[in-house]
Structure formats: C-alpha cells, structure tokens
Amino acid sequence: MAAKDRLIIFDTTLRDGEQSPGASMTRDEKVRIAKALERMRVDVIEAGFPIASPGDFEAVQAVAEAVRESTVCGLARAVDRDIDRAGEALKPAERRRIHTFIATSPIHMRHKLRMEPDQVLAQAVHAVRRARRYTDDVEFSPEDAGRSETDFLCRVIEAVIEAGATTINIPDTVGYNIPRQFGALIATLIERVPNADRAVFSVHCHNDLGLAVANSLEAVLNGARQVECTINGLGERAGNAALEEIVMAVRTRQDVFPCDTDLDTTQIVPTSRLVSTITGFPVQPNKAIVGANAFAHESGIHQDGVLKSRETYEIMRAEDVGWTANRIVLGKHSGRNALRTRLRELGIELHSEAELNEIFARFKALADKKHEIYDEDLQALVSEAAVEDYEEHYRLVALHVCSETGETPHARVTLSLASEERIGEADGSGPVDATFKAIETLAESGATLKLYSVNAITSGTDAQGEVTVRLEKGGRIVNGQGADTDIVIASAKAYLNALNKLVSPVFRAHPQMEHL
Ligand code: KIV
Ligand code: ZN
C-alpha cells in the first residue's frame, strides 16, 4: 500500500478562536492551551496577532517560549510593521512561522482596501519577502479567497510562491462556499498555478452556513494538505472548522482519505474541556466527538446493540478521543506532591511554591466538600486561581442567601473592594438574581448581562457547578467563570470574575481589531 500523505493540522484557537466575542484569553491561559495543543501533537499553533495589542504580542512571545515541539505562528497583515512585530514576537520559538494575509476578493479590494488588484498583488509579494527575513516558514492567505476571482487568485499565488511563501492558505472567510464548489476551487488552483508543487495548500473555513468541516474535508480530497481549525469550532461569528471533527473524520474514514494526521487523539476531550473552561464557551451536549452525549446511547435498541457488539452503533471508540474523563484522581488525603504531579500530567506547570500553596489550599477546601476530585475539578481550580495576569479588584468574602417558598429571595454579599470590605444587599426574582443585584449595589458597573449559564463539571449531585457570566459594557465583552459545589456561590464568583476582567486593561473586546 502506498504511504499516506501527512495532513498538517494548524490550530488557530488562540487567534481566530479568540476573535469570538468574549473569548479573550490572558497570556497564561494561552500558554496553558498551547501546551495542551502541543501535547496533542498539533503541527502548527497560531498563537495570536502580535501587532493587535501589547497583550497579544506578549502572549505570542510567551507561547513561543513555552512550546518546543509544534511550530508557533503569528498573524500579520501584509504590511511591514505587522510583519516586523510578528517576527519579533516569534524570536524565542524553536520553530516559527509568519502568516501574512491580504484580501483578494473584488468586494474587499474595492470597499475595504480601496486598492487596485495589481497593488494588492505587489503588496502581497512584498509582505512575503519581508516575512522571509525572519523565517523560511512563511504562510500567505488571500483573504476572502472563497469569493475571489480564480484567475486573479492564480496570479497572486504564483507570485507569492515565487517570493518565498511555503504554505498557501485558502480562506473561505465568510463561510459562503459549499463543498463541491470549494473542493473544485482547490483542485483548480493546484492544477493551474505553475509552481504549486513548491507550496503546501491549506484551507481555512468559517462556519456561517454550517459547512466549515464539510468544505475543509472536500478540500483535503482535492489536494489540500493543511487544515486550519479550532478546538470546539470556536472562532469569529459562527466559528471555524472544528479540529476534533476534521481529525476524527480523516482518522475514521481512512478508506476515503489519502492522508492522515500525526495527532494523539486521546488528548481531544481534555483539550476541549480546557478551552471551554478558559473561554467560558460551553460545549453543546450533542456536539460531535466532544459533546457530553456524543457517545451516550439512550434508546433501548441502541443500548442492546452496543452491549452485544459495540460496532453496531459506534464508529469510534470513546477512549480514542479521550473520554476517560470523570476519573477520580485525587481525594481528601492526597498531599501537595500528588497534586503537583497530577497538575503536571495535565500540562499545568506552577511557577512558584506560593502558587502551589494557593491551589493546594483551594484543593483542600474543595476536597472537604466533595470527596472525589476529578481532572475537570482541578482544571476549574487552576482557572479560578489564575488571576495573576490581572488585578483582582473585587473579591468575594461572604455570601448569605435566603430562598424560601413563598418569600422573595434576598442576598447579602460581603466584597473586598480594593482591599476594603463592604456589604451589599438586594432582593431578586431568584437567589442568583438577588446575588447579582447585591453585587451591583457595590460595584455599580453599569454592565449588561449577556449570558448566564451553569454546567455541572462532573456527574453526581455533589459535582461542582461551573458558571459562565458574560458582561458587556461600552462594546467590551468579557466572560467570567466561577466554580463551586454551591451554584449560587459559583455564580457570584463568575460575576465578580467578569467584573474584574471588565476593569482590567488586559482584556480587550476584539483583540484583532485594535490598532488596525
Ligand atoms: O478568515 C480569514 O480569512 C482569516 C485570515 C486571516 C486567514 O482568519
Ligand atoms: Zn478566519
């Protein structure tokens, strides 16, 4: 049998994924996710857009320092200062890539860039040459390629390959294409561009019509050998192609695909959980591969079939994608070393003894309430303790809530507010509503609550509830998370976490849009 081609997996959770409103991540959160991606053996990690803000620059630099196995990539528009900034941020990387882009569709060139096609072509070539000063690994994207004219695309691609681009990424920026059309576009480009054999063709599909994965897979069948994707399909608007779906489709249907990835698929579910915890974007239960119900069989007929022979209703094995979760890892009697070791196994490196002590104290408090501690609980603990990137302006000291049949729920909250303890009280339509109102009597943030969601982190009534609160103020959107076995306390923590992010300069509304 002929050897299979390799399909390169380019993850853009930390860049395009972060463009989801409210999904801003701190530097340390990005490093945690990058380490998880590296553990999964993702080939290329797009860590951010260094020119967008000092925070983005630092995050890309920190990922470049932390990751040794995967290539670390930074995004840059096709302008000198973006490329220089990306080159600078990527300096510490073992393997670095600059990804530069400029739009090629008539609508973008006319209305957004206000440039003639020949000017766009010249700028693309110049950008690639400049990026080559920093690295031999240069990726070029003709933005909105999915709505560009094929003849012009061929001219641009040939010229940028000649200038030194080694990866040509074809984005369906607005998710407009359908699989047959997109596959044909890839085949045409590979066939018509004379020097196409000197570059890897890649695709980057958005999910506006729910076709991102289908379009990416069709592209692979037509010669693309890199797919750009994100964990849980996170990304701008309706998101990007979901990494887990691409990888498992290719792995499961090796009878159809002429290529395979090098990924350790058992890392998929833990990484999905980590991204969900950090961004506060829950995974829908029926989401393919990583949804809680993806391997659950409810109907009696299905259960019976699976018990007799698993293949009757399962095309993949749950354990192959990492569904060994809900494993009890630690308990009340576990010590500091056991905690440190397990955190390390989860890819969480603690920077100091003080940090270990802080997490250990939280761990002990949790183990007193909940005897079995799972990996998911540990991830939540670490997320909660990870406030070192920004100031904890509001801190929960105490919460007292009365909720009784026939009575109006009432909350009394004690907050440490810039180191001063203050008490706020309010009634509400429920205990959570009363708690948020009590907090607002002190914070007076004026923010609008955009989303409130509760998820049980693990199973059982003693599970921690993980709450996400999304707040918006003046166009700035932030997500706050909180976890606790008491969901009203978890809600208060999540609300305060969001408020802390709102008052912090680290968090931005749309990092990629700043300074552009
Ligand atoms: O969707 C898009 O076109 C992008 C480019 C920067 C590749 O994200
Ligand atoms: Zn995109």
Side-chain angles (χ1 to χ4, degrees), residues 8-21 23 44-52 56 60 71 73-79 82-83 85-86 89 97-109 111-113 120 123-124 127-128 131 137-148 152-153 156-157 160 165-177 182 185-186 189 199-213 215-216 219 224 226-243 246 510-516:
I8 297 167
I9 296 297
F10 176 116
D11 179 278
T12 182
T13 307
L14 302 179
R15 199 278 297 171
D16 217 323
E18 203 200 19
Q19 281 175 230
S20 313
V44 187
I45 299 171
E46 190 166 51
F49 196 175
I51 193 77
D56 246 30
V60 174
T71 296
C73 177
L75 184 68
R77 288 168 306 176
V79 292
D82 282 36
I83 293 164
R85 198 80 176 129
R97 173 180 296 187
I98 294 179
H99 175 192
T100 185
F101 71 99
I102 188 165
T104 50
S105 65
I107 193 163
H108 276 229
M109 289 191 290
H111 299 292
K112 187 180 81 172
L113 300 176
V120 167
Q123 193 161 323
V128 168
D137 189 348
V138 173
E139 172 169 329
F140 173 77
S141 290
E143 191 192 6
D144 203 19
R147 293 189 299 171
S148 299
F152 182 55
L153 268 185
V156 172
I157 293 170
V160 294
T166 45
T167 300
I168 299 297
N169 179 47
I170 306 300
D172 182 18
T173 302
V174 290
Y176 178 69
N177 281 235
F182 196 62
L185 173 65
I186 301 304
L189 295 176
V200 172
F201 277 69
S202 164
V203 289
H204 173 112
C205 297
H206 279 273
N207 206 27
D208 300 67
L209 293 173
L211 294 171
V213 169
N215 283 337
S216 306
Q226 173 178 288
V227 174
E228 301 199 352
C229 43
T230 57
I231 300 291
N232 301 337
L234 203 67
E236 183 87 46
R237 303 183 310 279
N240 290 61
L243 177 147
I246 300 283
H510 272 275
Q512 273 70 22
M513 298 314 292
E514 285 183 18
H515 306 307
L516 300 190

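Remember, predicted model here, so these are calculated numbers, not experimental data. Counting starts at 1 for both ligands and their atoms, in listed order. The figures that follow rest on heavy atoms only: side chains count, while hydrogens, waters and symmetry mates do not.
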Student: Rounded to the nearest 0.5 Å, what separation is found between the CZ atom of Phe49 and the CG atom of Asp56?
Tutor: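 It is 8.5 Å, given to the nearest 0.5 Å.
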Student: Give the atoms of ligand 1, by number and element, whose distance to some non-hydrogen atom of Glu143 is under 4.0 Å.
Tutor: 3 (O)
Student: Is it the case that His99 and Ser141 place a side-chain donor and acceptor less than 3.5 Å from each other?
Tutor: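 Side-chain D/A pair, His99 to Ser141: present.
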Student: With atoms numbered from 1 as shown, which atoms in ligand 1 lie under 4.0 angstrom from a non-hydrogen atom of His206?
Tutor: 1 (O)
Student: Quiz question: by atom type and distance under 3.5 Å, do the side chains of Thr230 and Asn240 form a donor-acceptor pair?
Tutor: no
Student: Using only heavy-atom distances, determine whether the side chains of Thr167 and Glu139 contain a donor-acceptor pair under 3.5 Å.
Tutor: no
Student: So that I can tick it off, tell me whether Arg15 and Glu228 are bridged by a salt bridge, with the cut-off set at under 4.0 angstrom between side-chain N and carboxylate O.
Tutor: no
Student: Which heavy atom of the protein is the closest neighbour of atom 4 (C) of ligand 1, given with residue, atom name and distance?
Tutor: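 Checking every protein heavy atom, the shortest distance to atom 4 (C) of ligand 1 gives His204 NE2, 3.5 Å.
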Student: Do Glu46 and Leu75 have side-chain heavy atoms sitting under 4.5 Å apart?
Tutor: yes
Student: Tell me: protein heavy atom nearest atom 3 (O) of ligand 1, and distance?
Tutor: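 For this ligand atom, the closest protein heavy atom is Thr173 OG1, 2.6 Å.
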Student: Do any nitrogen or oxygen atoms of Ser141 lie less than 3.5 angstrom from nitrogen or oxygen atoms of ligand 1?
Tutor: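 N/O-N/O distance below 3.5 Å does not exist for this pair.
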Student: Looking only at heavy atoms, is any part of Asp16 under 4.0 Å from ligand 1, and if so is it the side chain, the backbone, or both, or is it neither?
Tutor: side chain
Student: Among the N/O/S atoms of Asp16, select the one at the shortest distance from the Zn ion (ligand 2) and name it.
Tutor: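 So the atom name we want here is OD2.
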Student: Say whether His99 and ligand 1 are in contact under the criterion: heavy-atom distance to a ligand atom below 4.0 Å.
Tutor: yes
Student: Taking Asp82 first and then Arg85, would you say they form a salt bridge - that is, a charged N and a carboxylate O separated by under 4.0 Å?
Tutor: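 Between Arg85 and Asp82 there is no salt bridge, as every charged N stays at least 4.0 Å from the carboxylate O atoms.
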Student: Among protein heavy atoms, which sits nearest to atom 5 (C) of ligand 1, and what does the distance come to when rounded to 0.1 Å?
Tutor: Arg15 NH2, 4.0 Å
